[in-house]
2 protein chains.
Amino acid sequence: MYELFFQEFNKKAPLTGEEETLIKTYLTPKKLRRKQYLLQEGDVCKAIAFIEKGALRAYSVDDSGDTHIIQFGLEGWIISDLYSFLTGEPATYNIDAIEDAELVLISKSAHEELLRKLPKYETFTRLNITGAYLAMQKRLTSIISSPLEERYAGFSALYPEIVQRVPQHMIAAYMGLTPETLSRIRRRISSK
Amino acid sequence: MYELFFQEFNKKAPLTGEEETLIKTYLTPKKLRRKQYLLQEGDVCKAIAFIEKGALRAYSVDDSGDTHIIQFGLEGWIISDLYSFLTGEPATYNIDAIEDAELVLISKSAHEELLRKLPKYETFTRLNITGAYLAMQKRLTSIISSPLEERYAGFSALYPEIVQRVPQHMIAAYMGLTPETLSRIRRRISSK
DNA sequence: AAAAAGCATTGATTTTGGTCAATGCTTTTA
DNA sequence: TAAAAGCATTGACCAAAATCAATGCTTTTT
């Protein structure tokens, strides 16, 4: 249990056996069926989720009913509404499972206590957020500077797993375009 | 010296006098004239810069000569090409001063040593990157989900300082549009 | 197994933002 | 202080993506 979680943790901050045992007492496993919510807009995000298995998405739905995907999550990634988690404000995102999933939850109190007790947990947290920041910056840069075709090509080169496992209309919602436009872009790319 | 820097540091992780003295030995002040580079694309980013005074921008220039602004920085903010700083790869951004500026530099070796020696510095770093992550997520969300007018209105409500101090064509480059389009949006907004 | 819902694709049309070009200011530079 | 460069605005035109609509699959649900 928690294999992947500790594999990732040890990459970022190598742990002793006792430390692992200690951390385990703070973790909660959770299974999610496809289409089930982990979090709904308006609720407070009570935990950070590490993905052991499956695929999830964080998204919002605007006034006109369009969904906008903020983040995908696959095995080894972390997903949450971090703003809500940190501030206790109601979440502005929904998070649900695109595939059946197995998660490792870290509750707010567990997070805070681990930060206080275990410097390696702060390192783990710092490196996670740094990685997420750099990934998001890459995404943002490509949005403001690359033409659409390049953007999609870059995305599918960087995240082939997502392209394989996630329906196209969700990728369109992630890229900020309509499914029709994405379909046409794919055709243009494949005909070259 | 370093007033604002320690003010911000103490907000995130309160320091003793000795700790402040220690940290000061790792810091380097730097002044920058308007239009001077702090970093040029292709060079390795050797330091993180905390802005005591002035305004800077991080940006890239694409093949067709268009500039794309990744980040603005004002007093109290941190600016760098973090990816280059952390990996030692050549920077993909330029950073220069929009106004004359006073900076506090933290070199790579200083950063690493402080992380090792002083847990509070890791906390400071973690909270900085977390704040930057949340700010960028807000920006990204508004890009993929809000219509242009709303995006500009949201931006100028959130960062009135930037709107006042930075030329409009740079704000256009930050939002991923042409100066002409931004000018038209502003007119539409003001005529309501 | 049949019905329904979800999905990707394509076409026709409309909307939005980009491009090209010109003008009048203001700020730098010589 | 004169010349030049930089900047914001406006207009006419063009290109790209959104919208609306229809079709044929595939997957889910009953």
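Quick note on labels: first sequence line is chain A, next is B, and so on, each numbered from 1. Reckoned from all heavy atoms, side chains included, excluding hydrogens, waters and symmetry mates. Note that the structure is a prediction, hence the values are computed from the model and not measured.
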Task: Sidechain N-carboxylate O distance under 4.0 Å for A:R184, A:E180 - done: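 No, A:R184 and A:E180 are not salt-bridged.
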TODO: State yes or no: are the ring centers of A:Y121 and A:H111 separated by less than 6.0 Å?
DONE: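 So the answer is yes for these two rings.
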Task: DNA chain D: 5'-proximal contact among B:Q168 and B:K35 (nearest heavy atom) - done: B:K35
Task: A:D66 or B:L182, whichever maps to the more 5' nucleotide of DNA chain D - done: B:L182
Is the [atom1] atom of [X] crowded by more than 12 outside heavy atoms at less than 6.0 Å?
{"X": "B:R33", "atom1": "CZ", "value": "no"}
{"X": "B:K12", "atom1": "NZ", "value": "yes"}
{"X": "A:K120", "atom1": "NZ", "value": "yes"}

TODO: Mind listing the closest non-hydrogen atom pair of A:L39 and A:V44 along with its distance?
DONE: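 The pair with the smallest heavy-atom distance is CD1-O, 3.9 Å.
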Task: Nearest heavy-atom neighbours spanning B:F85 and B:K108 - done: O-NZ, 2.8 Å
What is the distance from [atom1] of [X] to [atom2] of [N], rounded to the nearest Å?
{"X": "B:I144", "N": "D:dA17", "atom1": "CD1", "atom2": "P", "value": "17 Å"}
{"X": "B:E180", "N": "D:dG11", "atom1": "CD", "atom2": "C1'", "value": "11 Å"}
{"X": "A:R165", "N": "D:dT27", "atom1": "CZ", "atom2": "C1'", "value": "19 Å"}

Open item on the list: Return whichever of B:T181 or B:R34 has its heavy-atom-nearest nucleotide of DNA chain C closer to the 5' end.
Closed with: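 That would be B:T181.
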- [ ] Could you pick out which residue, A:P167 or B:L148, lies toward the 5' side of DNA chain C when each is mapped onto its nearest nucleotide?
- [x]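 Taking each residue's closest nucleotide, the earlier one in sequence belongs to A:P167.
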Task: Heavy-atom donor-acceptor pair, B:N94 side chain to B:S60 backbone, under 3.5 Å - done: no
- [ ] Name the closest nucleotide to the B:R184 side chain, picking from D:dA17, D:dG11, D:dC20.
- [x]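 Per side-chain heavy atoms of B:R184, the pick is D:dG11.
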- [ ] For the helix from C:dA1-D:dT30 to C:dA30-D:dT1, figure out the bend between the end axes, five pairs an end, and round to 10 degrees.
- [x]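 For the helix from C:dA1-D:dT30 to C:dA30-D:dT1, the axes at opposite ends meet at about 50°.
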TODO: Linking directly or through intermediates, with side-chain heavy atoms under 4.5 Å: list the remaining ILVMFWY members grouped with A:I70, chain and number order.
DONE: A:Y93
- [ ] Tell me, please, the opening and closing nucleotides of DNA chain C, 5' to 3', among those with an atom under 4.0 angstrom from a non-hydrogen atom of chain A.
- [x] C:dC7 to C:dA12
